[in-house]
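We're numbering straight along the sequence, starting at 1.
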Amino acid sequence: LDDLYGGTSSYFRQVATPGMGIDFTFMNLDDIAKVEAAITPKTRMVWLESPSNPLLKTTDIRKITAMAKRRGLIVVVDSTFMSPYLQH
């Protein structure tokens, strides 16, 4: 994965994974079919950055949210650089 805030990546990889028994899949969210295919019975949440840091890529929040809602998942959006209200 080429575009995730370093602090977020470090937290997930070094704190949450070993300390809390939580598994993460890091992936590009541009292809909704690939995102949906990555969901397992253990999946509970989709976390995304939009726009991303540092490359400022945007993710279609509505598409991800609609897919997640169909699956009963929660969606968390880290939108440090722009309000989700102004994004798709």
A.B. asks: What closest approach, in Å, do Ile32 and Met67 show between heavy atoms, and which atom pair accounts for it?
C.D. replies: CD1-CB, 3.9 Å

A.B. asks: Could you measure the distance from the NZ atom of Lys34 to the CD1 atom of Ile39? Nearest 0.5 Å is fine.
C.D. replies: 15.0 Å

A.B. asks: Counting C-beta onward and ignoring hydrogens, is there a side-chain heavy-atom pair between Met27 and Leu29 closer than 4.5 Å?
C.D. replies: yes

A.B. asks: How close do Lys42 and Asp23 get, counting heavy atoms only, and between which atoms?
C.D. replies: NZ-OD2, 2.8 Å

A.B. asks: Work out which heavy atom in Val46 is nearest to a heavy atom in Ala68; give both atom names and the distance.
C.D. replies: CG2-CB, 4.4 Å

A.B. asks: Sequence neighbours excluded, which residues qualify as salt bridge (charged side-chain N to carboxylate O under 4.0 Å, His left out) partners of Arg70?
C.D. replies: Glu36

A.B. asks: By salt bridge (charged side-chain N to carboxylate O under 4.0 Å, His left out), which residues pair with Asp30, not counting sequence neighbours?
C.D. replies: none

A.B. asks: Between atom CD1 of Ile74 and atom CH2 of Trp47, what is the distance when rounded to the nearest 0.5 Å?
C.D. replies: 10.0 Å

A.B. asks: So do the side chains of Arg71 and Thr43 get within less than 4.5 Å of each other, counting heavy atoms only?
C.D. replies: no

